[in-house]
Amino acid sequence: MIDKIYCAEIKPEMERQRIKLAGWVYRKREIKDKVFIVLRDSSGIIQIVFKEELSKEAYGKARKVGIESSIIAEGVVKPDPRAPGGVEIQGDRIEVISNVEFFPITKDASEEFLLDVRHLHLRSPKVAAIMKVKATLMQAAREWLLQDGWYEVFPPIFLTAAVEGGSTLFKLKYFDKTAYLSQSAQLYLEAAIFGLEKVWSLTPSFRAEKSRTRRHLTEFWHLELEAAWMDLWDIMKVEEELVSYMVQRTLELRRKEVETFRKDLTTLKNAEPPFPRISYDEAIDILQSKGVQIEWGEDMGADEERVLTQEFDRPFFVYGYPKHIKAFYMKIDPEDERKALAADMLAPEGYGEIIGGSQREDSYEKLVQRIIEEGMDPKDYEWYLDLRKYGSVPHSGFGLGVERLVAWVLKLDHIKWATLFPRTPARLYP
RNA sequence: GCCGCCGUAGCUUAGUCGGUAGAGCGCGCGGCUGUUAACCGCGUGGUCCCCCGUUCGAGCCGGGGCGGCGGCGCCA
């Protein structure tokens, strides 16, 4: 590792100090006997001036270097009001590690082109800022989970057939058998709670749906929690505490990056427990009062959800959905057989669902009945049903879409910007 | 699966009535006493997505195909 300092570490107080930098040429401007190079590294940018009078050799090399070339430069710190950021480097040495003739990304690139050259786009400070925020959100999640006593587990990604509507699963050859890519670790986490009680996992999930929306990817990162002895209300508390900690911690550690994407931090700052809780019934009432055409029993579509999220200035829960629009493994509300003990967490500002959670059906008989009702075969769920045969307990869990959370936190217009190499029905490369 | 839109230079695009395909950016050369995605001048660069048809002549009109984008459904 070379002995260099980061661009962001350079401060006006370091005047006259000699320093070494390594990074990439972000901008270059030539004026008569000077070359201005704005150098970029993972921390930020700094301007280096190469003057012919200071070093003819360095000046000559700097003149020839192309955008995005990798270089090592040396010089002296000099505060200057004309420099971006108020400080610059008077450069007298430059070593060109790898020169670039021409860099494909220029100022008029379309979003589509940027995705075509995503491997090169990743070096932009804006993308780096998103990835830093994503990393910090997950760091915060780990901090919270650790201090609250949750065990991280590592569930399988290869699955056998028939879990929750096979049409959304990616199919692949597994020697002489057929396997599917996991779309949720949930069933496996449910098995894990019998030994560990409170477990979580972070895995990729795959959905073979040709969804063309700003909140769907075919591959996304899924943070899932499952806990024994918790009912729906317990798990909702976990959800709001976790999300709140992730958001507040990120505001603390990554304020600068967050602010480059959103000016108004209100909804983030408001994300403190308790989050508002409204029932599905209340949600329908609100929508009907807003003139939305929706009847009790119908699922909320994207349009309805958007209207609802605009009624809130922080994340909120909708609980008590009709059972027929929810998954078979969710427990039926004993006080109202039409409903499932399910709750979604929706982000405000039009973002909508970031968490789907529920209390799970823990009775063997009822679960078998639900599987049959949904037109599925209990034989396909033998091991899962076993969990209800041998020491079944009340338990609950949820799944959080990591990219969806990032998209809301940074007010991104599409969750694909929250991932390194987005996978959509049409995009598998790069 | 359904609805809508779009394919012209490396990128972003203009292209009138069907008549030799134009610009900006990038890149190259030159200029400029401190630039801020610098600026100025000159130069460089085309399978007009593909096929078929109409026509003396198609980027433009007609038919078919392929690819992509936006939205819905599905969901995290």
Side-chain angles (χ1 to χ4, degrees), chain A residues 25-38 40 45-53 63-64 66-68 78 80-86 88 90 100-117 120-121 124-125 164-165 167-169 183-186 202-224 239 243 298-306 325-327 342 344-347 351-357 398-408 413-416 418-419 424-427:
Chain A
V25 176
Y26 184 58
R27 300 276 188 268
K28 191 181 85 167
R29 310 174 193 106
E30 297 171 60
I31 281 87
K32 194 149 168 106
D33 55 354
K34 298 178 188 69
V35 182
F36 296 90
I37 284 179
V38 178
R40 174 185 63 73
I45 56 172
I46 188 92
Q47 175 167 283
I48 311 173
V49 197
F50 291 96
K51 296 180 180 170
E52 192 172 18
E53 64 190 52
R63 258 188 91 94
K64 275 187 261 164
I67 298 292
E68 286 303 324
K78 181 171 178 267
D80 191 318
R82 295 169 297 186
E88 67 182 15
Q90 301 277 321
V100 173
E101 296 286 330
F102 100 100
F103 191 66
I105 299 176
T106 58
K107 72 171 182 179
D108 286 320
S110 61
E111 291 190 346
E112 201 187 331
F113 179 71
L114 290 175
L115 292 174
D116 287 341
V117 291
L120 303 176
H121 186 213
S124 83
E164 200 184 345
S167 66
T168 70
L169 292 165
Q183 56 164 4
S184 166
Q186 182 201 317
L202 178 65
T203 60
S205 275
F206 305 89
R207 304 275 163 96
E209 287 283 354
K210 290 192 174 171
S211 308
R212 305 194 47 89
T213 79
R214 63 189 61 199
R215 62 193 182 284
H216 287 91
L217 295 167
T218 54
E219 178 182 342
F220 66 96
W221 284 86
H222 211 170
L223 177 66
E224 292 173 276
E239 291 174 35
V243 168
E298 289 180 72
D299 202 0
M300 282 184 282
D303 292 339
E304 292 79 31
E305 209 177 77
R306 205 168 298 124
I325 59 173
K326 287 291 178 185
D344 290 345
M345 186 192 293
L346 313 205
Y351 282 88
E353 186 172 357
I354 52 176
I355 284 180
F398 66 93
L400 178 151
V402 175
E403 287 80 11
R404 284 190 179 180
L405 180 65
V406 175
W408 166 58
D413 62 13
H414 197 300
I415 66 167
K416 66 191 174 192
T419 184
T424 63
R427 193 172 286 284

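All chains are named by letter (A, B, ...) in the order of the sequence lines, taking the proteins before the strands, and each is independently numbered beginning at 1.
- The base of B:C74 is paired with the side chain of A:Ser211 by a donor and an acceptor separated by under 3.5 Å.
- Taking atom CD1 of A:Ile31 as the reference point, atom P of B:C39 lies 10 Å away to the nearest angstrom.
- Listed candidates were B:G1, B:C25, B:C72. Nearest to the side chain of A:Thr213 is B:C72.
- Between A:Arg212 and B:G70 there is a side-chain polar atom (N or O) within less than 4.0 angstrom of OP1 or OP2.
- Between the CG atom of A:Asp299 and the P atom of B:G73 there is a distance of 9 Å, given to the nearest Å.
- Atom CD in A:Glu112 sits roughly 9 Å away from atom C1' in B:C6 (whole-Å rounding).
- Both geometric conditions, a ring-centre gap below 5.5 Å and a plane tilt below 30°, are not fulfilled together for A:Phe102 over the base of B:G26.
- In this structure, A:Leu346 atom CG and B:C75 atom C1' are separated by 12 Å, rounded to whole Å.
- Put simply, the side chain of A:Arg207 and the base of B:A76 share a donor and an acceptor less than 3.5 Å apart.
- Comparing A:Phe113 and A:Trp221 by the nucleotide of RNA chain B whose heavy atom lies nearest to each, the residue mapping closer to the 5' end is A:Phe113.
- The distance from atom CD of A:Glu209 to atom C1' of B:C72 is 12 Å, rounded to the nearest whole Å.
- Put simply, A:Lys78 has no side-chain N or O that comes within less than 4.0 Å of OP1 or OP2 on B:G34.
- Between the side chain of A:Glu88 and the base of B:G34 there is at least one donor-acceptor pair of N/O atoms closer than 3.5 Å.
- Put simply, CD on A:Glu305 is 10 Å from P on B:C72, counting in whole angstrom units.
- For the pair A:Arg215 and B:C72, the criterion of a side-chain N or O lying under 4.0 Å from OP1 or OP2 is met.
- With A:Glu224 contributing its side chain and A:Ala185 its backbone, the two residues share a donor-acceptor pair below 3.5 Å.
- In this structure, A:Lys32 reaches the B:C32 phosphate: one of its side-chain N or O atoms is under 4.0 Å from OP1 or OP2.
- Here A:Arg63 does not reach the OP1 or OP2 of B:C29: none of its side-chain N or O atoms lies under 4.0 Å away.
- When the side-chain nitrogen and oxygen atoms of A:Arg214 are compared with OP1 and OP2 of B:G71, one or more of them lie within a distance under 4.0 Å.
- Listed pair A:Ser110 / B:U12 meets the phosphate criterion, a side-chain N or O lying under 4.0 Å from OP1 or OP2.
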Margin query: Dot-bracket for RNA chain B, please. Rules: Watson-Crick or G-U, both distances under 3.5 Å, ( ) within the strand, [ ] when a pair crosses earlier ones, | for another strand, . otherwise.
Written below: (((((((..((((.....[..))))((((((.......))))))....(((((..]....))))))))))))....
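- RNA chain B is contacted by both A:Pro104 and A:Lys51; A:Pro104 maps to the nucleotide lying nearer its 5′ end (nearest heavy atom per residue).
- Atom CD of A:Glu30 is separated from atom P of B:G30 by 10 Å (rounded to the nearest Å).
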